[in-house]
Amino acid sequence: MELTVNIKEQRKIAAFLNLIKDIDYIEIVSVKEGLQELPSEHKDLLDKRLHRIENGETTFKNWDLIKKKYEDKDV
């Protein structure tokens, strides 16, 4: 069964996804944000990144891991 969920507040999307990603019987099939709010340049970069992931040229990076990497460094 697929369920569509609309998160009304953009800033709460990450918190919701983090909440459900560890539940073993839930699979996140896709995430679609309101792209009309993104500048076209940013949308193009995201589309290229997703294309590289789909083609196996790179892998998805977990934001929490990336954030931790930079928190551990003195910037």
How far does CG of N55 sit from CG of L50, to the nearest 0.5 angstrom? 11.0 Å
Same cluster for Y25 and V29 if Ile/Leu/Val/Met/Phe/Trp/Tyr side chains link at under 4.5 Å? no
Are Y70 and L65 linked, directly or through intermediate hydrophobic residues, by side-chain heavy-atom contacts shorter than 4.5 Å (ILVMFWY only)? no
Atom pair CD1 (I7) and CD (E9), whose distance is rounded to the nearest 0.5 Å: 10.0 Å
Tell me whether the count of non-hydrogen atoms from other residues, nucleotides or ligands lying under 6.0 Å of NZ in K68 goes above 12. no
Nearest atoms (heavy-atom pairs only) where T59 meets R49: O-NH2, 3.0 Å
Calculate, to the nearest 0.5 Å, the distance between atoms CD1 and CG belonging to I13 and N18 respectively. 12.0 Å
With sequence neighbours left out, write down each residue that passes salt bridge (charged side-chain N to carboxylate O under 4.0 Å, His left out) with D24, or none if nothing qualifies. none
Checking K67 now: which residues fulfil side chain to side chain contact (heavy atoms under 4.5 Å, CB included) with it, not counting sequence neighbours? W63, D64, E71
Side chain to side chain contact (heavy atoms under 4.5 Å, CB included) with L45: which residues, sequence neighbours excluded? none
What's the separation between atom CD in E27 and atom CD in E2, rounded to the nearest 0.5 Å? 8.5 Å
D44 bridged to K48 by N-O distance under 4.0 Å: no
